[in-house]
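Naming: A, B, ... by sequence-line order, numbering from 1 per chain.
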Protein chains: 2
Amino acid sequence: MARTTGSHSDITGPRVRAAALTLFAQYGFAAVSMRQIAREVGVQAGALYNYTPDKQSLLFDLMNAHMSELLETRADLPPTDTPLDALEAFTRFHIRFHSERPEEVFIAYMELRNLSAENFEKVERLRRTYENQLEDILRAGIANESFKVADPKLTTMAVIAMLTGVNTWFRQGGRLSLEEVEQIYWDMVRQAVGA
Amino acid sequence: MARTTGSHSDITGPRVRAAALTLFAQYGFAAVSMRQIAREVGVQAGALYNYTPDKQSLLFDLMNAHMSELLETRADLPPTDTPLDALEAFTRFHIRFHSERPEEVFIAYMELRNLSAENFEKVERLRRTYENQLEDILRAGIANESFKVADPKLTTMAVIAMLTGVNTWFRQGGRLSLEEVEQIYWDMVRQAVGA
DNA sequence: GTCTATATGAAGATAGAC
DNA sequence: GTCTATCTTCATATAGAC
């Protein structure tokens with residue numbers, strides 16, 4: 001994979017981000033050096049600075065892209081008729097989207113403290129936007145009396161923690177298919193909100 | 001806080017661990033240097049090596065002590081009569097124990113990948129022991145038909161993720177007391193297992 | 001038990017040649 | 001756009017004096 005010299009900006013940029021993604025997820029941002037990323041890409045460390053002003057921006061770009069894609073992908077889902085349908089769609093979407101991107105999800109959660117203050121703010125804003133979408137669904141279901149929820153903010157956090165937790169143990173080709181996991185979690189969420 | 005010289009092994013050892021705990025929780029194991037820990041304790045970096053053979057052992061000791069205390073504290077709880085009582089006791093214990101130790105909990109989850117292979121195995125064994133206690137409760141409730149649970153292993157992971165998630169947002173003196181949070185989570189867990 | 005000093009290596013980032 | 005070389009700082013860990 002090592003290259004000698006030449007012009008590869010179209011391809012090298014994405015490869016730098018891909019290498020950083022995998023290495024950050026495996027060893028953690030602080031434990032990964034620019035030299036390690038460069039080795040994975042097949043360039044010298046200095047060359048990385050053609051694609052990122054510094055290591056911090058590399059981390060932020062990964063997290064920002066992930067959160068933005070989360071919001072965009074969800075915005076493209078078909079609309080639903082009832083709060084119950086909306087909650088089911090949210091549950092299944094969350095599990096599916098996150099299970100397809102284990103490295104991004106891991107980094108987005110584990111490396112928050114390694115963001116600069118201003119980058120942290122930006123990522124947090126996106127995360128809160130996503131959480132508010134679930135909270136709105138819960139409030140709609142409370143309003144039309146299809147859910148029995150004592151505190152929608154708290155239930156929002158509980159449901160998201162529960163669903164994101166799937167990533168810590170789910171493996172493709174394991175005992176249960178993703179379809180089965182989705183169904184069982186949806187049953188639990190539905191019962192938890194008293195629907 | 002800086003000291004010149006003298007004999008302080010009784011007090012310095014715990015202070016080294018306390019400093020490491022706080023710093024690891026705040027900045028992450030890989031981002032914290034032995035010099036930083038020493039500065040916090042008020043000694044020179046070399047002196048730390050009277051209390052730990054290396055940085056890795058410092059991390060392992062913190063995580064191992066935390067997991068051991070989790071199991072010991074739970075073992076001291078009074079016995080329960082029914083699976084429903086046992087599940088309620090587990091839920092309330094988990095929230096309470098973890099909310100009292102936010103730094104230890106954060107490290108125990110975030111720094112697993114920075115453990116050596118053999119230290120990781122030891123910590124993982126303790127964690128699985130704890131998870132199995134919840135799984136046993138769920139199986140007992142399924143057996144006597146007080147719970148409706150499709151898959152006890154999966155529900156174990158879901159409940160633990162949900163409960164541990166409290167630590168990401170709960171703050172003493174916030175909108176809800178810990179008592180209220182406990183009660184609302186217990187309602188959700190009870191409903192989620194169909195009891 | 002703690003200090004100072006140091007061995008040894010690696011980190012992030014930049015400069016200038018090609 | 002990538003290379004080699006380097007600046008500057010910092011890391012873990014150890015040695016030996018007190």
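- Residue B/Ser33 has no polar side-chain atom (N or O) positioned under 4.0 Å from OP1 or OP2 of D/dC10.
- Atom pair B/Met34:CE and C/dT4:P shows a separation of 17 Å (rounding to whole Å applied).
- Remark: A/Gln44 is not in phosphate contact with D/dT2, judged by side-chain N or O atoms under 4.0 Å from OP1 or OP2.
- Regarding B/Arg15, its CZ atom lies at a distance of 14 Å from the C1' atom of C/dG1, rounded to whole Å.
- Each of A/Val105 and B/Tyr109 belongs to its own hydrophobic cluster when Ile, Leu, Val, Met, Phe, Trp and Tyr are linked at side-chain heavy-atom distances under 4.5 angstrom.
- Remark: C1' of D/dT14 and NZ of B/Lys55 are 17 Å apart, rounded to the nearest angstrom.
- Neither OP1 nor OP2 of D/dA15 sits under 4.0 Å from any side-chain N or O of B/Tyr49.
- Salt bridge status for A/Arg96 with A/Glu100: absent, with no side-chain N to carboxylate O gap under 4.0 Å.
- Taking 4.0 Å as the cut-off between side-chain N and carboxylate O, A/Glu135 and A/Lys153 count as a salt-bridged pair.
- Across C/dG1, D/dG1, C/dG12, the shortest atom-to-atom separation from the side chain of B/Asn50 is found for C/dG1.
- With rounding to whole Å, A/Phe29 atom CZ is found 8 Å from C/dG12 atom P.
- Atom-to-atom, CZ of A/Arg35 to P of C/dA11 comes out at 6 Å; the value is rounded to the nearest Å.
- In summary, B/Asp136 and B/Arg139 do not engage in a salt bridge, as defined by a charged side-chain N under 4.0 Å from a carboxylate O.
- Using a cut-off of 4.0 Å between Lys/Arg side-chain N and Asp/Glu carboxylate O, A/Arg128 and A/Glu131 are scored as not salt-bridged.
- Taking atom CG on B/Leu48 and atom P on C/dG1, their separation rounds to 13 Å, with Å as the unit.
- Atom-to-atom, CZ of B/Arg39 to P of C/dT2 comes out at 18 Å; the value is rounded to the nearest Å.
- Contact between the side-chain N/O atoms of B/Thr12 and the OP1/OP2 oxygens of C/dG1 is not found at any separation under 4.0 Å.
- Rounding to whole angstrom units, CD1 of residue B/Ile37 and P of D/dA13 are separated by 10 Å.
- Closest approach to the B/Ala47 side chain among C/dC3, C/dG12, D/dA13 is made by C/dC3 (side chain taken as heavy atoms from C-beta onward).
- Map A/Gly46 and A/Ala31 each onto its nearest nucleotide of DNA chain C; the residue landing nearer the 5' end is A/Ala31.
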